[in-house]
Amino acid sequence: MLEVANLRSAYGRIEVLKGIDLDVQTGEIVALIGSNGAGKTTLLRTLSGIQPITGGEIRFKGERIDRLPPHLRVELGITQSPEGRQVFGPLSVEDNLRLGAYRRRDREIGQDRDRIFAMFPILAEKKHLMAGGLSGGQQQMLAIGRALMGRPKLLLLDEPSLGLSPLLVDQILEAIVSLKKDGITVLLVEQNASAALAIADRGYVLETGKVAYSGAGSTLLADPQVKAAYLGVA
Amino acid sequence: MAEFLQFLISGLTVGAVYALVALGFTLIYNASGVVNFAQGEFVMLGGMVTVFAAAAGVPLPLAAVIAICAAIAIGLLLHRFAIEPARGASAVTLIIITIGASILLRGLAAIVFDKQFHKLPAFTGDTPVDMLGAAVQPQSFWVLGGTAVVVLALYIFLEHTLLGKAVLATAANRLAARLVGINTTTIMALAFGGSAAIGAIAGILVTPITLTSYDVGTLLALKGFAAAMLGGMGNPVGAVVGGMLLGLLEAFGAGYISSTYKDAFAFLVILIVLFAAPQGLFGRRAVERV
């Protein structure tokens with residue numbers, strides 16, 4: 001579904017992605033782990049088209065998309081729940097979700113919204129409130145819900161568990177696994193490496209802008225080097 | 001009492017014009033973060049194009065429509081060729097670009113039109129209406145009514161249409177707006193076009209009262225900016241309230257203190273707001289950004 005080849009990107013003269021090769025197959029959950037500054041968020045931003053690339057290519061369903069503006073990538077079915085949630089603070093929860101479906105013209109937007117409300121009932125309770133007033137966990141649910149409202153084929157999730165209580169982390173992870181059953185392909189960036197690898201089919205470990213390790217989630221979980229560096233186990 | 005009422009109505013009338021200019025500032029600021037100092041030139045264009053089209057024999061309502069369309073075209077050109085190429089530049093750079101654009105537009109207006117003052121006939125006659133002893137020009141009602149219609153239309157657009165909500169979303173969080181598929185360049189163009197239209201409408205409504213010439217935009221932009229600052233930059237309600245307050249302040253100040261200092265009040269307001277409460281009356285507090 002997604003193929004990334006020799007992808008490079010830079011902020012000014014500082015190269016952050018130094019030739020990334022990665023692929024995501026239809027129906028997979030793929031986890032992207034690595035320490036701060038490894039380039040995980042930058043990679044997701046290049047996939048959504050809000051961070052320019054300096055080399056390499058991105059293909060989605062076989063077509064080059066690396067020159068497309070962000071809104072056309074959303075139209076193709078790539079949506080993102082960004083790091084730090086980034087909800088539309090002054091707008092209501094309901095409006096945030098509606099805007100997630102901004103590029104859709106079909107009649108099932110209301111149904112999809114109800115599905116999000118069923119997935120995260122707290123959002124239904126607070127649908128008329130300003131998104132900026134929600135707690136961190138609720139904003140995270142809203143950001144994921146908003147990305148789902150775009151009816152993604154490929155969902156990019158950036159740090160969905162950051163700053164959440166363990167209970168909420170479990171709830172979010174469960175929601176991600178349930179997406180897979182709905183046929184949504186997920187590329188998941190996580191600090192919480194063990195949790196991410198546990199639910200992922202495959203994983204990539206990024207180190208300073210390059211793929212250091214890759215393999216099945218369970219293989220990476222068992223890998224002594226990955227364990228030592230990212231799972232906090234000696 | 002009659003005197004008070006007289007000042008009140010003239011203050012509200014001129015305040016409505018400031019409110020429209022401030023709304024123009026607000027719309028562009030929200031969509032793009034740019035403080036557009038060429039906003040006053042849209043007001044000038046509205047008045048001047050209407051005057052010259054009417055002088056060429058075009059019926060007044062049609063002349064007004066032509067003027068609004070001309071202003072929208074200029075607004076879109078300004079965005080496309082001056083603001084868009086400088087995307088990513090600092091706020092100061094963008095402000096200087098808009099000041100440059102405003103000087104250019106003023107110069108072009110002096111050449112294309114002329115440097116004389118021009119008047120439009122009042123839309124429904126010049127016979128003052130007596131209101132509790134105050135003599136009110138019928139055009140005042142046009143200005144107030146026109147402003148009310150513009151404010152209401154803008155409110156409905158922003159709060160009750162998907163495109164309007166996309167404008168608000170872009171203002172709230174540009175990154176997230178792009179991630180949900182909002183084409184923020186289009187939203188910015190829309191804001192420039194809309195602001196230009198609002199400015200032109202203000203110019204058309206007020207020209208029968210205040211006259212117009214190629215250089216009325218400068219002072220109006222500053223007054224509108226003062227109004228927007230007073231209300232809180234970026235807040236549409238603040239822009240309207242700020243405009244009205246500024247108009248009233250000017251009218252009462254000129255009436256009860258001295259008309260010599262009429263224009264000074266706006267600048268006094270800018271200074272006081274900047275020193276005492278930079279977020280204005282309805283401004284967002286900075287902590288909202290997480």
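Basis for what follows: all heavy atoms, side chains included, without hydrogens, waters or symmetry-related copies.
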**OP:** Can you tell which part of A:Leu91 gets under 4.5 Å to a heavy atom of chain B, answering side chain, backbone, both or neither?
**Re:** side chain
Original post:
Of the non-hydrogen atoms in A:Met119 and A:Leu148, which two are nearest, and what is the gap between them?
Top reply: SD-CD1, 4.0 Å
Original post:
Under 4.0 Å between a Lys/Arg side-chain N and an Asp/Glu carboxylate O for B:Glu159 and B:Lys165?
Top reply: no
Original post:
What part of A:Arg45 lies closer than 4.5 angstrom to a heavy atom of chain B: side chain, backbone, both or neither?
Top reply: side chain
Subject >> Among B:Thr170, B:Leu175, B:Thr185, residue most engaged with chain A (heavy-atom pairs, under 4.5 Å) >> reply: B:Leu175
Original post:
Are A:Lys18 and A:Glu15 close enough for a salt bridge, meaning some N to O gap below 4.0 Å?
Top reply: no
Original post:
Can you find a side-chain donor-acceptor pair between A:Glu159 and A:Asn192 that sits under 3.5 Å?
Top reply: no
